[in-house]
There are 4 protein chains.
Amino acid sequence: MTLPNPSPGGPGVPGTARPSSQGARRPRADAQRNRARILAAAEAVFAEKGPSASTDEVAARAELAIGTVFKHFPTKQALQQALMRDLLSDLTREVQALTTDGDPATSLFGFMTRVVEQAAQKKTVVGLLADTGVVLQVADSLLLLRDGLEGLLARSQQAGAVREDARADEVIALITGFSQGALHARWDRDLRHRTLALVFDGLRPPGARRSSRPAAGSPGCAP
Amino acid sequence: MTLPNPSPGGPGVPGTARPSSQGARRPRADAQRNRARILAAAEAVFAEKGPSASTDEVAARAELAIGTVFKHFPTKQALQQALMRDLLSDLTREVQALTTDGDPATSLFGFMTRVVEQAAQKKTVVGLLADTGVVLQVADSLLLLRDGLEGLLARSQQAGAVREDARADEVIALITGFSQGALHARWDRDLRHRTLALVFDGLRPPGARRSSRPAAGSPGCAP
Amino acid sequence: MTLPNPSPGGPGVPGTARPSSQGARRPRADAQRNRARILAAAEAVFAEKGPSASTDEVAARAELAIGTVFKHFPTKQALQQALMRDLLSDLTREVQALTTDGDPATSLFGFMTRVVEQAAQKKTVVGLLADTGVVLQVADSLLLLRDGLEGLLARSQQAGAVREDARADEVIALITGFSQGALHARWDRDLRHRTLALVFDGLRPPGARRSSRPAAGSPGCAP
Amino acid sequence: MTLPNPSPGGPGVPGTARPSSQGARRPRADAQRNRARILAAAEAVFAEKGPSASTDEVAARAELAIGTVFKHFPTKQALQQALMRDLLSDLTREVQALTTDGDPATSLFGFMTRVVEQAAQKKTVVGLLADTGVVLQVADSLLLLRDGLEGLLARSQQAGAVREDARADEVIALITGFSQGALHARWDRDLRHRTLALVFDGLRPPGARRSSRPAAGSPGCAP
DNA sequence: AATGAATGAGTTTTCATTCAT
DNA sequence: AATGAATGAAAACTCATTCAT
């Protein structure tokens with residue numbers, strides 16, 4: 001939400017010295033920072049007001065002139081696509097980190113829960129997904145996410161915690177659908193978790209099924 | 001050289017205008033019919049172009065003047081709410097009809113499947129749901145639907161085809177989420193049905209579970 | 001904020017607006033009038049400031065809201081094309097009127113002179129012609145003008161006042177080129193006429209040639 | 001006058017002025033070259049897209065940063081004026097060269113033909129001329145051209161190939177007008193030449209007149 | 001000198017809504 | 001009741017110009 005940091009080099013490593021020791025501020029390398037500022041502002045604004053919020057508002061939130069926003073992203077749609085891509089690649093990165101960690105099914109269900117919970121707060125992703133033009137252009141990022149999920153899913157299946165016939169496509173479908181639903185004000189955290197628990201049960205193999213659902217606050221995502 | 005273009009049903013003879021309250025030609029029946037025309041047009045237009053399609057387009061599709069649309073629905077939001085209400089009450093009516101018919105779980109799963117399939121074609125409902133303003137105003141209609149579902153759900157549970165701890169809220173949540181997801185072009189009918197089958201399994205009681213999912217085209221909604 | 005102002009009724013008398021007898025004012029048939037107002041304003045504005053003058057300025061000059069202008073002409077280009085077409089059809093009408101009147105060569109040379117003189121005042125046509133997009137779309141109107149000229153030219157040739165091998169295409173080329181040139185502030189009326197006289201001599205048959213050019217103010221357009 | 005500089009003239013491709021490396025010191029020679037690059041780019045861009053093409057595009061075509069363009073020409077108008085001046089002085093130079101060469105009338109008509117043909121390809125000059133602001137500022141260059149033409153015209157008249165009462169002003173008017181007309185896509189080379197032939201006949205003295213026009217491709221510019 | 005990111009006023013265009021007929 | 005022209009605020013996008021590096 002706040003100024004993320006430029007990727008290359010990292011902030012702590014002043015290896016290659018630039019003409020001035022450290023105070024790169026406005027221009028050049030700062031275009032990088034401004035791009036990030038814009039994306040952060042866009043995330044906040046679209047989350048708050050929905051994808052039809054004005055680009056002007058994004059610029060204001062980023063404390064930049066409108067021209068700057070359009071210089072970085074030549075159309076509003078381009079900005080939204082970039083935002084989508086970033087969000088999806090964050091998810092992909094998270095999934096990839098999980099793949100190597102502890103119990104796979106716990107990881108999988110936990111991941112799904114977190115995504116849905118986040119969507120409940122920032123309606124960005126979902127709001128944007130509704131805009132057909134945006135989804136289509138971002139299909140490649142979605143595929144990357146699916147690839148990441150496939151590994152986690154396979155490991156969960158090998159551990160016997162997820163039914164054999166489940167596919168990554170279906171997991172994404174579940175995530176997407178729920179993220180959409182999570183927007184609605186009428187859904188409280190409790191309802192989200194109870195419903196997710198149902199779905200998790202549907203994903204478990206015949207024997208591993210919970211006969212009763214958890215209390216509020218715990219979606220029963222332990223394997 | 002000019003633009004005036006007569007609408008098809010137009011009553012010609014524009015000279016009859018007297019701004020006072022005299023010659024009422026058409027009775028309320030006509031207004032009634034126009035209201036329906038507008039709603040039908042709105043459903044089609046919003047389904048095609050999303051909820052931000054212009055009211056002008058709705059008027060054009062209804063073959064009515066824009067003023068007429070705003071006379072029936074004083075704001076665009078009011079029109080969308082009325083549309084939502086109509087759609088929800090259709091669903092409610094459908095559920096109520098099902099309640100008395102044959103096997104309740106078959107009915108329930110079939111109903112859910114149909115809703116999702118419809119959403120895949122007309123993105124209306126879901127598109128509108130994304131607009132917070134609209135959902136909130138329509139809560140009462142949603143409650144009616146939930147009431148209807150509750151009966152069907154209860155009967156399915158009594159028949160042993162649905163787990164005891166499932167609630168109507170959750171069913172609605174599942175429907176809503178899936179309807180949103182169903183918008184995405186990447187989801188084909190097959191994926192929708194496979195994913196629904198997972199969810200149905202999650203809804204079944206511990207013993208009634210399918211150990212393997214159905215072939216394409218059949219979502220396994222038999223109890 | 002500014003209500004459109006009734007132009008034709010003259011100033012003052014802000015009292016009661018009578019809906020009938022005298023002058024239809026605002027709506028319906030007045031769309032017609034507004035279309036004309038817009039075109040008149042556009043002619044004036046583009047003539048004064050060139051074709052890149054803003055549509056806002058046209059609206060202001062027409063004393064109409066900007067939305068009204070765009071309702072009549074959905075893009076700026078469409079407005080400019082309509083303007084072009086109108087101007088060309090005026091010329092065409094003028095040529096057709098001439099065809100039946102007195103001495104044809106006098107008519108022809110007089111017509112050419114008038115067009116060039118007008119262009120010197122309203123640079124509209126020519127300014128717009130420079131905008132490629134506009135010219136191409138208006139080719140049909142140009143053809144009509146050429147057809148009109150063809151008759152006049154043929155009669156001039158039969159009367160022996162214009163050389164046999166001249167074609168309407170060439171006359172249009174001459175008119176267009178001169179109209180462009182007439183824009184330039186450095187060309188005064190005298191220069192325009194002297195140069196036109198040269199051209200007219202080029203159009204005359206071998207024997208009918210003027211051995212010396214006319215004094216300023218008279219382009220020598222008598223046959 | 002300038003100090004011979006080690007690096008820039010060096011071995012290799014002379015045309016590449018891409019602002020590449022750092023260490024090399026660029027002297028005035030480089031600025032000189034950049035000025036020329038900008039003007040060349042401007043000619044190309046304005047020819048293609050008209051005088052309202054953006055300065056950014058000029059910079060891109062010149063492969064220079066936008067700041068560099070504005071350093072050389074402090075406003076867009078200044079750039080267009082400089083361009084105009086360059087083009088006019090090219091013409092002036094050409095006329096001066098012709099003055100001393102062979103048959104003057106052949107030279108004159110040939111020159112006029114060439115200018116018009118060029119204008120048909122690059123609409124620069126004419127497009128810019130339409131912009132009043134530019135023409136006025138460039139009057140001095142135009143005067144130089146007129147002076148050049150005056151000599152050529154006088155010699156043509158002495159040779160008896162051009163009528164005595166023709167003036168340089170009129171020749172320029174003819175050239176300008178035709179150059180404008182030459183823009184129009186509908187004018188093909190044949191039409192241009194046929195129309196020029198008419199005008200040349202108008203310029204000839206009473207006896208020297210062509211009784212019939214030339215075939216396509218030859219504007220009849222022999223005396 | 002060159003660079004190119006940032007600026008922000010200006011332009012085109014859209015659209016919900018009003019209102020006179 | 002219906003009509004549809006007019007409104008005008010707001011949105012998306014452009015571009016000449018400035019300025020810190």
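In what follows, every heavy atom counts, from backbone to side chain, and hydrogens, waters and symmetry copies are set aside. None of these values were measured; they are calculated from a predicted model. Numbered from 1 within each chain, the chains take letters A, B, ... in sequence-line order.
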Query - Under 3.5 Å donor-acceptor, R85(A) side chain and Q137(A) backbone - result: yes
Report task. In whole angstrom, give the distance that lies between atom CD1 of I38(D) and atom P of dA16(F). Result -> 14 Å
Query raised in the report: Does dT3(F) have OP1 or OP2 sitting under 4.0 Å from an N or O in the side chain of T68(B)?
Result: yes
Query raised in the report: Nearest-Å distance, CZ (R35(A)) to C1' (dG4(E))?
Result: 17 Å
Query - Check: P51(B) main-chain N/O paired with Q80(B) side-chain donor or acceptor under 3.5 Å - result: yes
Report task. Drop me the distance from L64(B)'s CG to H72(B)'s NE2, to the nearest 0.5 angstrom. Result -> 7.5 Å
Query raised in the report: When you check the gap from the basic side-chain N to the acidic O, do R61(C) and E43(C) get nearer than 4.0 Å?
Result: no
**Report entry** N/O (side chain, H72(B)) to phosphate O (OP1/OP2, dA1(F)) under 4.0 Å
**Finding:** no
Query - Inter-residue atom distance D30(B).CG - N34(B).CG, 0.5 Å rounding - result: 5.5 Å
**Report entry** Euclidean distance, T68(A) OG1 relative to E63(A) CD, rounded to 0.5 Å
**Finding:** 12.5 Å
**Report entry** Distance, rounded to the nearest Å, where F73(B) contributes CZ and dA1(F) contributes P
**Finding:** 13 Å
Query raised in the report: Just to confirm, is there a sub-4.0 Å distance from OP1 or OP2 of dA1(F) to any side-chain nitrogen or oxygen of N34(B)?
Result: no
Requested in this report: Take the protein atom CD of E63(B) and the nucleotide atom P of dT3(F), then report the distance between them rounded to whole Å.
Outcome: 11 Å
Query raised in the report: Can you tell which of dG4(F), dA2(F), dA2(E) lies closest to the side chain of A31(D)?
Result: dA2(E)
Requested in this report: Could you check which nucleotide pairs with dA20(E) in any of the strands shown, counting Watson-Crick or G-U wobble with both distances under 3.5 Å?
Outcome: dT3(F)
Report summary line: Whole-Å distance, E57(C) CD to dT13(E) P, equals 16 Å
Under-3.5 Å N/O pairs linking protein and nucleotides 14-16 of chain E:
residue : atom : partner : partner atom : Å
dA16(E) : OP1  : K76(B)  : NZ           : 2.9
dA16(E) : OP2  : T55(B)  : N            : 2.8
dA16(E) : OP2  : T55(B)  : OG1          : 3.1

Report task. Measure the spacing between CZ of F73(A) and CD1 of I38(A) and express it to the nearest 0.5 Å. Result -> 5.5 Å
Requested in this report: Report the base-pairing partner of dT14(F) (Watson-Crick or G-U wobble, both distances below 3.5 angstrom), or none.
Outcome: dA9(E)
Report task. Calculate the interatomic distance between R33(B) atom CZ and dA1(F) atom P; express it in whole Å. Result -> 14 Å
